[in-house]
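Scroll down for the structure; my scribbles are underneath it.
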Amino acid sequence: MKKRILFVVPLPPPVHGSAMMCQYIKDSCIINDASICDYINLSTSRRMDEIGKWSIKKIFRFIGSYFAVLFKLLTHHYDVCYLAITCHGMGFLKDAPYVLLCKVFGCKVIIHQHNKGMANDVNRWPYSWLFPLIYKNTTVILLSWKLYPDIEAVVTREQVVICPNGISDIDFVPQKHCNNIPNLLFLSNLIESKGVFDLLDALKILNEKGYTFVCNFVGGETKEIDVHRFQAEVHMRKLDGLVFYLGSKYGQEKYDIFSKSDVLISPTYNDCFPLVLLEAMRQELAVITTDEGATTDIVSDGITGLIAKKRCPEDIAVKISLLLSNPEKMIEMGHEGRKRFLESFTIENYEKRMSEIVNNEFIN
């Protein structure tokens, strides 16, 4: 008989990695045909600028989703409860009650870690006693073994299974040559830890050295960086006319921006498994990123892209200059990235692996 699974997960909006991967699960024929699945949205934010803030609306959303989980557990028997929770800070305190509720009803629990930060909280109250309570007798999905050190004080290796992210392929026309004026692309919500200001500093260095380029920033405004602050930072570095903020783009608009770009730059210093790297490789873009989270599981340094030092605009500038000076290498890296995407990071790979995990008898 099919297993009955309750998915308690964040769903878009807002658009971010964890929500997108959970939406893929909700839309997956492979997963939903193999099991009887119910879904409850645990996200209390509906816009990027709501993340990290408390409001009356968010409190009511939390209460509503909590009682929705309770109702499902009272009216159905679930073989597995799958939860994609925040694992640190106030987000963890908000999401922990969902896990406890599933455990009260005797359900097997899978926790999918799309973020990190447990290591920073593990010795702090109330996390020091709450982490063991939440993670005891659970199966934990990690995106890569490179993320295990963040949870090793709480979770044993025997509890862990690995499932890299994947995204759907699209039809596109590969770019056969680089633009006359190289088009650089930053695609992420405007968050400091994504390396927004590091990239601006690197572009300032390149501009002062006489390199020719334009750089488009695509992504939503946040409470950290809105359009006014961003434009002020651009003007302060004398990058007007070279750096442009295009706002959020989705669907075909986003694909078109990738197609018109020469290289994606993601100088993140707080990430797990950035989907934007997969999106760039899917559309044959060379990638410059940092050794953060599982990024080196995605990008092969010198083959599909280049790895720069974190929080180091000087090194980011060096890596960009290497590709600006060698457009043939840039194109070659894009081709290799496309091959790697098709081999390892398609949505079909992800769905099959997830279906195996949630339906497997080895779950704790």
Side-chain angles (χ1 to χ4, degrees), residues 7-28 39-66 68-69 82-96 98 111-117 143 165-168 185-197 216-230 245-255 257-258 264 266 268-280 292-293 347 350:
F7 289 88
V8 185
V9 295
L11 296 170
V15 175
H16 53 78
S18 177
M20 287 305 302
M21 296 315 302
C22 293
Q23 187 66 52
Y24 284 138
I25 291 174
K26 190 172 187 290
D27 294 339
S28 170
Y39 295 87
I40 293 175
N41 186 3
L42 64 73
S43 177
T44 57
S45 298
R46 297 295 182 266
R47 303 188 310 272
M48 284 303 301
D49 60 4
E50 287 186 328
I51 294 177
K53 295 180 180 179
W54 285 101
S55 67
I56 297 298
K57 286 183 179 180
K58 292 178 72 172
I59 292 172
F60 277 109
R61 289 169 189 160
F62 167 77
I63 294 172
S65 58
Y66 185 82
V69 172
Y82 168 105
L83 302 102
I85 65 173
T86 301
C87 68
H88 63 92
M90 291 299 296
F92 172 77
L93 299 181
K94 174 185 74 69
D95 292 346
Y98 296 107
I111 296 176
H112 199 158
Q113 301 277 106
H114 287 284
N115 45 73
K116 58 189 179 71
L143 308 175
N165 286 337
I167 59 174
S168 55
L185 175 64
F186 173 94
L187 198 155
S188 173
N189 294 312
L190 298 183
I191 301 171
E192 290 190 34
S193 64
K194 297 293 185 179
V196 174
F197 299 138
N216 293 314
F217 281 69
V218 176
E221 299 176 64
T222 68
K223 65 175 184 177
E224 293 181 359
I225 308 173
D226 61 15
V227 63
H228 303 293
R229 183 182 180 191
F230 180 82
Y245 174 62
L246 305 183
S248 298
K249 302 293 180 184
Y250 304 103
Q252 190 59 50
E253 282 189 312
K254 182 167 71 170
Y255 304 149
I257 288 171
F258 273 118
L264 174 88
S266 176
T268 178
Y269 52 87
N270 185 19
D271 248 312
C272 286
F273 202 103
L275 295 184
V276 68
L277 304 183
L278 306 187
E279 292 178 307
E292 168 62 18
I347 191 63
Y350 176 75

Validation row: [X], [Y] side chains within 4.5 angstrom (heavy atoms):
{"X": "Y82", "Y": "V8", "value": "no"}
{"X": "E221", "Y": "F230", "value": "no"}
{"X": "Y24", "Y": "I167", "value": "yes"}

Legend entry - Straight-line distance of I225 CD1 to N189 CG, nearest 0.5 Å: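 Nearest 0.5 Å value for the CD1-CG distance: 10.5 Å.
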Inset, instruction - Starting at CG of L264, measure out to CZ of F186 and round the result to the nearest 0.5 Å. - result: 9.0 Å
Legend entry - Between F62 and Y98, ring centroids under 6.0 Å: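 They qualify: ring centres under 6.0 Å apart.
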Legend entry - Aromatic centroids of Y245 and F217 separated by under 6.0 Å: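 F217 vs Y245: aromatic centres not under 6.0 Å.
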Legend entry - K194/D271 ion pair, N-O < 4.0 Å: yes
Legend entry - Short N-O contact, E224 and R229, less than 4.0 angstrom: no
Legend entry - Partner of S45 under side chain to side chain donor-acceptor pair (under 3.5 Å), chosen from H16, K58, K57, R61: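 Exactly one candidate clears the test, K58.
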Inset, instruction - Under the side chain to side chain contact (heavy atoms under 4.5 Å, CB included) rule, what do I40 and F7 come out as? Steps first, then yes or no, please. - result: CA-CA 6 Å; I40 293 175; F7 289 88; over 6 Å; no
Inset, instruction - Please test E292 against K116 for salt bridge (charged side-chain N to carboxylate O under 4.0 Å, His left out), starting from the C-alpha separation and ending with a verdict. - result: CA-CA 11 Å; E292 168 62 18; K116 58 189 179 71; 2.7 Å; yes
Inset, instruction - Could you walk me through whether T86 and K94 pass side chain to side chain contact (heavy atoms under 4.5 Å, CB included), step by step? - result: CA-CA 8 Å; T86 301; K94 174 185 74 69; 5.9 Å; no
Inset, instruction - Quick one: do I85 and H112 satisfy side chain to side chain contact (heavy atoms under 4.5 Å, CB included)? Show the steps, please. - result: CA-CA 7 Å; I85 65 173; H112 199 158; over 6 Å; no
Inset, instruction - Go through the steps for Y66 and L42 under the test side chain to side chain contact (heavy atoms under 4.5 Å, CB included), then give the verdict. - result: CA-CA 8 Å; Y66 185 82; L42 64 73; over 6 Å; no
